[in-house]
> 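Take a look at the following structure, please.
In this text the structure is predicted, and so the values were computed from the model without any measurement.
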Amino acid sequence: MSSLPPIVTATLQSSIIAAFSNVLAQYITSRSSQEPFVLDWVPVFQFWLYSVISTPPNFRWQELLESSFPSSHIEPTKEAIASAAKGDQKELDQEATEGRLVEPKLNKQNTVIKAVLDQTVGAAFNTILFSLFMHGVQSAMLHRVAEGYGAPDKGLAFLLSGSSVRYENVDWAVVWMKSKAEFYGLLKASWAFWPFVSVINFAFLKTVTARNLMGSLAGLGWGIYMSMITA
């Protein structure tokens, strides 16, 4: 059986972590308020679905950044330089055979460019996408209380009711207004956390798949924070 495409694997990983972050956020909230922990599956579903939607374009974005600004370039090894300086062709041939002729070196300029683009263009896109999605899906589920599913322990029953999401009831003008109002606040908050993740990703991790996993794991903490402010 062939392995899943990297973008599918990344989406599965990210969505599971996003859902788990909301579960943790609900648990932390219940502990801090000293109330019994009752898992509400509705926000878990919302965060899971957001990750399913947002991960593929982010994966492609990371691919675009890497293809446009490669993390490394090839340079001769110190051994190869020394052999070339001595004019020792035999030693150079030996180094080539053993794979010691060249080595990848971090491209610092490209790393900075990618980090800046990721934390401006990428961050802006993700911030507005998150706000639009969350306000939209929450508005599409406002009938939950009216139909008797308001209690946290009835969240799963609501999701399985067959009509839990009604986008026809969403006032998208209001959703857009709310998203614009919180855009800069959320973006500023993200800059206190995600730039450090970007630098680690671009400087130390070589593949887009590894970077996505790192981003997903870092997103566990970020997801807890976002779950709390959207509750």
Side-chain angles (χ1 to χ4, degrees), residues 8-58 123 126-190 192-194 197 212-213 215-231:
V8 175
T9 300
T11 301
L12 289 173
Q13 290 173 343
S14 297
S15 61
I16 291 171
I17 291 173
F20 184 56
S21 71
N22 187 266
V23 173
L24 287 179
Q26 291 188 48
Y27 177 75
I28 293 170
T29 300
S30 70
R31 294 282 292 181
S32 62
S33 61
Q34 297 184 336
E35 296 179 354
F37 174 58
V38 180
L39 181 61
D40 187 346
W41 283 99
V42 170
V44 175
F45 167 76
Q46 291 170 349
F47 270 77
W48 172 83
L49 183 59
Y50 171 73
S51 185
V52 169
I53 293 172
S54 64
T55 298
N58 273 282
N126 282 308
T127 299
I128 198 66
L129 177 63
F130 177 83
S131 293
L132 288 172
F133 176 84
M134 281 300 170
H135 288 304
V137 76
Q138 287 172 354
S139 295
M141 292 181 159
L142 280 179
H143 58 285
R144 173 184 180 181
V145 175
E147 295 188 0
Y149 295 103
D153 61 349
K154 293 185 178 180
L156 183 58
F158 174 65
L159 291 174
L160 298 176
S161 65
S163 60
S164 58
V165 182
R166 297 176 182 172
Y167 275 109
E168 65 273 14
N169 296 336
V170 177
D171 186 337
W172 289 105
V174 173
V175 168
W176 178 244
M177 180 183 65
K178 290 180 177 179
S179 299
K180 287 196 300 181
E182 68 186 13
F183 175 77
Y184 289 108
L186 289 177
L187 188 62
K188 185 178 178 180
S190 75
F193 176 75
W194 285 107
V197 178
N212 189 83
L213 178 58
S216 296
L217 292 174
L220 180 62
W222 182 251
I224 292 173
Y225 168 72
M226 296 303 289
S227 293
M228 288 180 168
I229 69 172
T230 58

> Could you tell me whether Glu168 atom CD has more than 12 heavy atoms of other residues or ligands within 6.0 Å of it?
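Counting other residues, nucleotides and ligands, CD of Glu168 exceeds 12 neighbours.
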> For Ser131, which residues count as a side chain to side chain donor-acceptor pair (under 3.5 Å) partner, sequence neighbours excluded?
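By the side chain to side chain donor-acceptor pair (under 3.5 Å) rule, Ser131 matches Glu182.
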> Could I get the full list of side chain to side chain donor-acceptor pair (under 3.5 Å) partners for Ser179, not counting sequence neighbours?
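Residues passing side chain to side chain donor-acceptor pair (under 3.5 Å) with Ser179: none at all.
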> Check whether Ser14 reaches the backbone of Thr11 with its side chain - one donor and one acceptor, N or O, closer than 3.5 Å.
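No: the side chain of Ser14 does not pair with the backbone of Thr11.
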> Determine the minimum heavy-atom distance between Asn22 and Phe47, stating which atoms define it.
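Nearest heavy atoms, Asn22 then Phe47: ND2-CD1, 3.5 Å.
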> If I compare all heavy atoms of Gly136 with all of Val170, which pair ends up nearest, and what's the gap?
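Of all heavy-atom pairs spanning Gly136 and Val170, the closest is O-CG2, 3.5 Å.
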> Would you list the pairs meeting ring pair (Phe, Tyr, Trp, His ring centres under 6.0 Å) in which at least one residue belongs to residues 169-189, sequence neighbours left out?
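Every ring pair (Phe, Tyr, Trp, His ring centres under 6.0 Å) pair that includes a residue of residues 169-189, provided the two are not neighbours, is Tyr167-Trp172.
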> Can you list the residues that meet the ring-ring contact (aromatic ring centres under 6.0 Å, His included) rule with Phe45, with sequence neighbours excluded?
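Listed in chain order: nothing, the list is empty.
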> Using the side chain to side chain contact (heavy atoms under 4.5 Å, CB included) criterion, which residues pair with Ile224? Sequence neighbours excluded.
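With sequence neighbours excluded, Ile224 shows a side chain to side chain contact (heavy atoms under 4.5 Å, CB included) to Ser21, Leu24, Ala25, Ile28, Met228, given in chain and number order.
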> Which heavy atom of Phe130 sits nearest to which heavy atom of Met226, and what is that distance?
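Taking every non-hydrogen atom into account, CE2-CE, 3.0 Å.
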> Can you name the side chain to side chain donor-acceptor pair (under 3.5 Å) partners of Ser51, sequence neighbours left out?
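So Ser51 forms a side chain to side chain donor-acceptor pair (under 3.5 Å) with Thr55.
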> When rounded to the nearest 0.5 angstrom, what is the spacing between CE in Met177 and NE2 in His135?
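Taking CE in Met177 and NE2 in His135, the distance rounds to 9.5 Å.
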> Are Phe133 and Leu49 close enough that some pair of their side-chain heavy atoms sits under 4.5 Å apart?
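Phe133 reaches Leu49 side chain to side chain.
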> Any idea which heavy atoms bring Pro57 and Ile53 closest together, and the distance?
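Looks like CD-O, 3.3 Å.
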> On a heavy-atom basis, which atom in Val165 and which in His143 lie closest, and how many Å separate them?
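Looking at all heavy atoms of both residues, the closest pair is N-CE1, 4.4 Å.
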> With rounding to the nearest 0.5 angstrom, report the CG to OG1 distance, Leu186 to Thr127.
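Going from CG on Leu186 over to OG1 on Thr127, the span is 6.0 Å.
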> Got a list of side-chain donor-acceptor pairs under 3.5 Å for residues 145-161, not counting sequence neighbours?
residue, atom, partner, partner atom, Å
Glu147, OE2, Arg166, NH1, 3.1
Glu147, OE2, Arg166, NH2, 2.7
Ser161, OG, Phe158, O, 2.6

> Can you tell me which residue pairs pass the salt bridge (Lys or Arg N to Asp or Glu O under 4.0 Å) test with a partner in residues 8-31, sequence neighbours excluded?
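The answer is none; no pair qualifies.
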> Applying side chain to side chain donor-acceptor pair (under 3.5 Å), name anything that partners Ser32, two or more places apart in sequence or on another chain.
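Ser32 satisfies side chain to side chain donor-acceptor pair (under 3.5 Å) with no other residue.
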> List for me each residue that meets ring-ring contact (aromatic ring centres under 6.0 Å, His included) alongside Tyr225, sequence neighbours excluded, and say none if there are none.
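Once residues adjacent in sequence are excluded, the partners of Tyr225 under the ring-ring contact (aromatic ring centres under 6.0 Å, His included) criterion are Trp222.
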> Would you give me the side-chain donor-acceptor pairs under 3.5 Å for residues 36-44, sequence neighbours excluded?
residue, atom, partner, partner atom, Å
Asp40, OD1, Val42, N, 3.1
Asp40, OD1, Arg144, NH1, 3.4
Asp40, OD1, Arg144, NH2, 3.1
Asp40, OD2, Arg144, NH1, 3.1
Asp40, OD2, Arg144, NH2, 3.1

> Excluding sequence neighbours, so at least two apart, what forms side chain to side chain contact (heavy atoms under 4.5 Å, CB included) with Ile16?
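In terms of side chain to side chain contact (heavy atoms under 4.5 Å, CB included), with neighbours along the sequence ignored, Ile16 is linked to no residue.
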